[in-house]
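Okay, so here's the structure we're looking at.
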Amino acid sequence: MKRITALLMAVIMMFVFVSCGDENKPETKEKEKTAVAENNEEKASAEEKKVEAEKEQPKVELYRFEAEDGKYGYKNRQDEIVIPAQFDYGMDFSPNGLAQVKVGEYWGFIDTTGAIVIEPKFYTTLPFGDGKLAGFQDEASGDWGFINEKGEVVIEPQYDVVREFAKNGLALVINVKSHGFINEKGEVAVPIELEYADSFTDHGLALVRVNEKYGWIDETGALVIDAVYDWASDFNKSGIAKVKIGDESFSINLQGKEV
């Protein structure tokens with residue numbers, strides 16, 4: 001009996017030894033690496049296909065139209081009416097899927113189904129633009145502040161003029177002809193003391209005027225292109241701006257170099 005038990009133990013030990021030896025063989029390790037690599041490639045490929053599929057999904061694009069009775073509604077690209085004409089006025093949809101509409105004397109916002117998500121109770125409003133806040137004007141004081149996507153006032157009316165929030169999260173505000181920028185918390189990001197400023201572009205620069213000369217600042221308020229121009233346009237999508245010094249007109253790039 002002992003001899004049989006010993007024999008069985010020997011066979012088991014040989015099996016374990018051979019199995020371990022196979023796992024440590026170079027070709028076995030290479031196969032394992034290949035299998036892992038193939039698995040990772042499959043996962044990456046699946047993720048890429050998912051991203052591409054999301055890109056290919058058609059975006060909901062609606063365009064306002066005016067009916068014969070003067071009411072406004074929205075159509076899709078196929079010229080099909082999606083939201084019947086029922087508003088006294090309507091503006092285009094912002095990237096967040098909300099559009100300004102006027103009902104009677106006041107403004108509110110609808111979603112792409114035509115449902116009112118912010119009640120028409122504001123004297124004047126701005127689009128949401130690239131941010132999650134929209135400017136509104138207080139009827140009593142005439143000052144401007146900002147509301148969120150629920151219609152809640154998050155920045156109290158305190159400015160003479162405001163503009164939409166840019167992609168960098170800053171909005172142009174004006175008080176008594178002095179220009180500056182605030183963030184979505186209402187904090188001053190660039191002091192409201194510039195003699196002139198325009199909203200930030202997608203390139204992250206804002207056109208400003210300093211001592212009657214034009215230049216560009218970044219989101220910290222630092223001049224990144226010196227204010228030396230007598231006239232300047234904003235940068236276009238290609239990153240080119242037209243400028244003028246004296247009688248000479250030319251174009252510059254985002255580094256302020258002539259092109």
Side-chain angles (χ1 to χ4, degrees), residues 57-175 179-187 189 192 197-202 206-207 234 237:
Q57 288 179 354
K59 295 180 180 179
V60 178
E61 294 183 325
L62 301 179
Y63 306 90
R64 61 180 177 169
F65 73 94
E66 183 179 5
E68 292 182 359
D69 63 358
K71 298 290 186 180
Y72 284 77
Y74 294 84
K75 295 181 178 181
N76 59 23
R77 282 187 175 274
Q78 289 70 46
D79 204 37
E80 300 167 333
I81 295 176
V82 177
I83 301 174
Q86 57 190 290
F87 307 108
D88 293 309
Y89 202 79
M91 302 296 287
D92 293 329
F93 279 90
S94 295
N96 67 349
L98 299 182
Q100 301 163 263
V101 294
K102 189 176 185 182
V103 179
E105 297 297 321
Y106 295 96
W107 290 85
F109 291 82
I110 61 171
D111 63 19
T112 53
T113 70
I116 292 177
V117 295
I118 298 177
E119 289 294 326
K121 60 181 181 181
F122 297 99
Y123 181 63
T124 312
T125 58
L126 292 178
F128 278 91
D130 290 315
K132 294 187 180 297
L133 302 182
F136 78 97
Q137 187 178 29
D138 180 67
E139 186 173 9
S141 66
D143 292 336
W144 286 81
F146 289 88
I147 57 174
N148 61 20
E149 293 171 328
K150 296 179 180 179
E152 301 167 333
V153 176
V154 293
I155 299 177
E156 293 292 334
Q158 57 191 288
Y159 303 106
D160 295 338
V161 179
V162 300
R163 293 288 181 263
E164 301 165 30
F165 276 91
K167 287 184 178 179
N168 65 356
L170 300 183
L172 172 67
V173 295
I174 303 172
N175 267 342
H179 297 60
F181 295 87
I182 62 171
N183 60 27
E184 291 185 334
K185 295 180 180 179
E187 301 166 337
I192 308 170
D198 206 347
S199 295
F200 278 94
T201 65
D202 292 348
L207 178 66
D234 236 328
K237 291 182 179 180

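Looking at Ile81 and Phe65, their side chains come closer than 4.5 Å, going by heavy atoms from C-beta outward. Proximity of Leu98 to Asp111: side-chain heavy atoms (C-beta onward) are separated by under 4.5 Å at one or more points.
Every residue two or more places apart in sequence or in another chain that forms a side-chain contact (heavy atoms from CB on, under 4.5 Å) with Glu187 is listed here: Asn183, Lys185. By the side-chain contact (heavy atoms from CB on, under 4.5 Å) test, Tyr63 pairs with Glu61, Arg77, sequence neighbours left out. Taking the ring-ring contact (aromatic ring centres under 6.0 Å, His included) definition, one finds that Tyr89 meets it with Tyr72, sequence neighbours left out. Listed by chain and number, the residues in a side-chain contact (heavy atoms from CB on, under 4.5 Å) with Asp143 are Ser141, Pro157, Asp160 (sequence neighbours excluded).
With Ile182 as reference, Ile155 is the one residue of Leu172, Ile155, Leu170 to meet the side chain to side chain contact (heavy atoms under 4.5 Å, CB included) rule.
Salt bridge Lys102/Asp88: absent, no basic N to carboxylate O contact under 4.0 Å.
Around atom NZ of Lys132, no more than 12 heavy atoms belonging to other residues, nucleotides or ligands sit under 6.0 Å away. In this structure, Glu80 places its CD atom where more than 12 heavy-atom neighbours from other residues, nucleotides or ligands lie under 6.0 Å away.
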Would Val162 and Ile174 count as a side-chain contact (heavy atoms from CB on, under 4.5 Å) if you check the C-alpha gap in whole Å, the side-chain angles of each, and the deciding distance to 0.1 Å?
-> CA-CA 6 Å; Val162 300; Ile174 303 172; over 6 Å; no
Review item, side-chain donor-acceptor pairs of residues 116-130, under 3.5 Å, at least two apart:
from, atom 1, to, atom 2, distance (Å)
Thr124, OG1, Gln137, OE1, 3.3
Thr125, OG1, Gln100, NE2, 2.9

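For residues 142-162, the ring pair (Phe, Tyr, Trp, His ring centres under 6.0 Å) pairs, not counting sequence neighbours, are Phe146-Phe165.
Closest approach of Ala134 to Phe109, counting heavy atoms only: CB-CZ, 4.0 Å. Across Tyr74 and Met91, no two heavy atoms sit closer than the pair OH-O, 2.7 Å. In terms of heavy-atom proximity, Ser199 sits nearest to Phe181 at CA-CE2, 4.3 Å.
Remark: side-chain polar atoms of Gln78 are not paired, donor with acceptor, to backbone N or O of Asn76 under 3.5 angstrom.
Atoms CD1 and CZ, on Ile83 and Arg64 in that order, are 13.5 Å from each other to the nearest 0.5 Å.
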